[in-house]
Number of protein chains: 2
Amino acid sequence: MATVSRYINHRETVSDEIVNRIRPVMQELNYVPLVAARNLASRKTGIIGLLSFTVEYGFFGPLVTGLEKTLKENGYNLLVATYPPDHNDEIAPPIGPHNADGVVVFSNTLSEERLAEWYGMQFPIVLVHRTAPHSLPIPCVNVENKTASFKLVEHLIEEHGKKQIIFMRPSGYQEDAHSRELAYKAALKAHSIVFDPNLIIGGNYDQGAGRQAMEEFLANNPPSFDAVFAGDDDLAVSVISALQNAGLRVPEDMAVVGFDDQRFARLFVPALTTVHAPTEEVGRVAGQQMLNVLRGQPFDCMTVLPTEVVIRQSCGCCQ
Amino acid sequence: MATVSRYINHRETVSDEIVNRIRPVMQELNYVPLVAARNLASRKTGIIGLLSFTVEYGFFGPLVTGLEKTLKENGYNLLVATYPPDHNDEIAPPIGPHNADGVVVFSNTLSEERLAEWYGMQFPIVLVHRTAPHSLPIPCVNVENKTASFKLVEHLIEEHGKKQIIFMRPSGYQEDAHSRELAYKAALKAHSIVFDPNLIIGGNYDQGAGRQAMEEFLANNPPSFDAVFAGDDDLAVSVISALQNAGLRVPEDMAVVGFDDQRFARLFVPALTTVHAPTEEVGRVAGQQMLNVLRGQPFDCMTVLPTEVVIRQSCGCCQ
DNA sequence: TTGTACGCGTTATCAA
DNA sequence: TTGATAACGCGTACAA
C-alpha cells in the first residue's frame, strides 16, 4: 500500500520490478486515487480559488485566463466562485481554507475581517485590484490608476479644451474607481479648474448603471458639461448610449472616455479613448505571487502594473 | 461523537439536554467540521461544477447568475472552471466525479466519450446549449434557435429587401450556431433565394474573430452582399466595426443582425437587431434539472426555452 | 527500497 | 435517543 502511494506520488524511488507489478494491476482495477481521502490525509487540495462578487465584468475573462495559465502550469486548478459582498460574513465563502490551498480575491469581495481571519490561520491569499489592509502583509496586484487617469483628463482639458468634465462612478465602492476619481480631481486642480461636486455622478446604481445615471442627470440638468470620464469602459458605453439617446453627439457635442481598454473598446462606434490595463498580466502575476506564498518563498507585497492612455475617437481625436 | 455528528447534520433528533451540552463546547473550541473528512465519509461534496471552454462569452455572466441562484437556494455551491476542448481527454477536467456531486457542461466542452464515461458511473450531468448524444438520457437545456433565426432572416428579406445575406460562424463548432445556420438556409429557400456557399464565412478564427474574418472577406471580394447574420452578438459587433472601418455604413449600406441580445446589444450604436435569448433562465432551469437528477427525481431530457426577435436599428428599422 | 501500522476527522452501523 | 466502534481510502513515520 505504502509503496503504491509512493509510486503514484513520485515521492521516493520505487524499484522497476515493483513498478512493473503495480502498473498492470492499476490498469486492470481502473484505479484512481480518491481525492477526498487524499485531501484528508495530506491536508491539501491542489485547488486555488478565485473569489469575486461578480463574473459579469468585461475584464473578468482575461483575468481568469492569465491566472489559470500560471496555476495550471504549476499543478494547480483554478476554481471560480462568486460571493456577494452583502453577506455580512454570515455565510462562508464557497471557496476558502476548507476546500482550497489558497484564494485570489478580486477587489472588495471579502471583508477586512475575513481577510484577517484567513491570514491569521496562515491561509494563502493574493489580492487583485485592491490593496491589503495595513496590518496584513498580503501580496496584492494592481494596475496603475492615477498617472494614467491624470493624463487622460489632462488630454480632455489640453487637447479638447474641456472644462466641465463629469466623473462617473461605478456602482458600489471600488478602490480602482476611487483612485481614478482622485486623479481626476488632481488633474482639474493642476489646470486651475474648480472642482464641482455636482459633476460626480453614479455610484448608487445597479447593472445598466451608466445609462440610467446619465439619463437621470440629464433629466435634472441642462447639459452643463462637455465631457465624461467614466470609471470603466462598461460605464463609458452606457453613457454614450444615454447621450446619443438624448440627442447629443459623441464626440462632437460631448467627449466620453473610459478605463480598461476592454475588448470591445476599439470596436465600439465611436472607438473608445481609454486607458489600457494589462488584465491578463494581472492574472499571471497574481498566480505567480500565489505560488510564491504557497512555496514559502518571498513575494512582493505590492505589484503595480503599468497602464497606458489610448487615444481613439470618443474624445474627439482622429475624426 | 456520533451524537454530535447527528446534531450538526440535523439527521436524527437529539435531545435538548444534549444539544445544550454540545453547543457551548462547539463555541469554545471554535469547532468547524473538516470538509475533507466529511467528503471522505459521506462521499458527497456539496459542490456542483460548471465546465466551459471559455469564460469570455458575454452571455456567460447571466448563465452563472441563474445557475448559482438555484443551486445556492438548495444547499449547493457552484464552482466554475474552464477546460480547453483540445485536451484529447488526456488531462482530467478540473471538476468532475472526483471533487463534485454533479457538473453542468456548456456546449461542447466535453467529448461524447467523457460524457458517456461519467454517465456510466452514474455521475449527474446537465448539458446547456447542447443536445445529449442519442444513447445518453441526460437532461439538456437549450434556447429555441431555428424559428427565431428563420424569422430574423425573413425580416431582412421581406422588410428590407435583402437578397445576399452573409452568415458568419463563430470560431469552433457550436451546436447553437449550427442550428442558426440551418435556419438561415431554410429562410433563404422559403423565399426562393439561391444559397451561395461563399456567403458563409468565419469559423476558423480566434478571439476578435468577426472583425478579422470580415476584413479578409472584404479584401478578397467587392461588397457583393447586403446584409450579415452574425452567429452571436459578439460577432455582430466585430462585424459592424469591420464594415465601418471599410467605409461602409450600418445600417444604410449594410444590415447586420446578431443573436443573444446581450447586455450591450441595445447600447451599441446602431442598436442591435437580434434575438433575445433568456440566458439567466437557462441557468435556472439547468440548476433545477441538476437538482432533480441529484434527488433521483424525474427530469426533462430536453428543455427548449423560447426566444424572441428584437427589432432595433442595425437592420435598418427605426431610423 | 519495502512493508507495517497508525492517524486523518467524519459518517454509518448496531446494540443498548 | 445515545454511545461505542467500525469503516472511509490515503499518506507517512518507523522499522525492517
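Atom set for the values below is all heavy atoms of this structure, side chains included, hydrogens, waters and symmetry mates excluded. Order of the sequence lines fixes the chain letters, A, B, ..., with proteins taken first and strands second; residue numbering starts at 1 for each chain.
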Participant: Indicate the ring-plane relationship of Trp118(B) and Phe123(B), choosing parallel, tilted or perpendicular according to the 30° and 60° boundaries.
Facilitator: perpendicular
Participant: Classify the side chain of Arg6(B) versus the base of dG3(D) as yes if they form a donor-acceptor pair under 3.5 Å and no if they do not.
Facilitator: yes
Participant: May I ask you to say what Val4(A) touches in the nucleic acid, namely base, sugar-phosphate or nothing, with a heavy-atom cut-off under 4.0 Å?
Facilitator: nothing
Participant: What nucleotide among dG3(D), dG9(C), dT11(C) has an atom nearest to a side-chain atom of Ile18(B)?
Facilitator: dG3(D)
Participant: Which nucleotide sits closest to the side chain of Ala2(B): dT13(C), dT2(D), dG3(C)?
Facilitator: dT13(C)
Participant: Below 30° counts as parallel, above 60° as perpendicular, anything between as tilted: where do the rings of Phe106(A) and Phe60(A) land?
Facilitator: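 Phe106(A) vs Phe60(A) ring planes: perpendicular.
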Participant: May I ask you to evaluate whether Tyr7(A) reaches the phosphate of dC10(D), defined as a side-chain N or O under 4.0 Å from OP1 or OP2?
Facilitator: no
Participant: Can you tell me which nucleotide in dC10(D), dT10(C), dT11(C) comes closest to the side chain of Pro33(A)?
Facilitator: dC10(D)
Participant: Quick check: Phe59(B) with His129(B) (ring centres under 6.0 Å apart)?
Facilitator: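 Ring centres of Phe59(B) and His129(B) closer than 6.0 Å.
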Participant: For dT11(C) and Arg38(B) - does any side-chain N or O of the residue sit under 4.0 Å from the phosphate oxygens OP1/OP2?
Facilitator: yes
Participant: Base, sugar-phosphate or nothing for Asn39(B)? Non-hydrogen atoms, less than 4.0 Å.
Facilitator: nothing
Participant: Would one find a side-chain N or O of Arg43(A) under 4.0 angstrom from OP1 or OP2 of dG9(C)?
Facilitator: yes
Participant: Is the ring centre of Phe53(B) less than 6.0 Å from the ring centre of Tyr83(B)?
Facilitator: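 Between Phe53(B) and Tyr83(B), the centre distance exceeds or equals 6.0 Å.
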Participant: Of the nucleotides dG3(C), dG11(D), dT11(C), which has the atom closest to the Ser5(A) side chain?
Facilitator: dG11(D)
Participant: What contact category does Leu40(A) fall into here, base, sugar-phosphate, or nothing, at under 4.0 angstrom with non-hydrogen atoms?
Facilitator: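 It contacts base atoms.
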Participant: Do any side-chain nitrogens or oxygens of Thr13(B) fall under 4.0 Å of OP1 or OP2 in dT1(D)?
Facilitator: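 Checking Thr13(B) against dT1(D): at least one side-chain N or O falls below 4.0 Å of OP1 or OP2.
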Participant: Quick check on DNA chain C: between Glu12(B) and Ala41(B), whose nearest nucleotide comes earlier from the 5' end?
Facilitator: Ala41(B)
Participant: Is it the case that over 12 heavy atoms from other parts of the model lie below 6.0 angstrom from the CD atom of Gln122(A)?
Facilitator: no
Participant: If you only use heavy atoms from C-beta on, which nucleotide in dC10(D), dT2(C), dC8(D) is closest to the side chain of Ala37(A)?
Facilitator: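 Nearest listed nucleotide: dC10(D).
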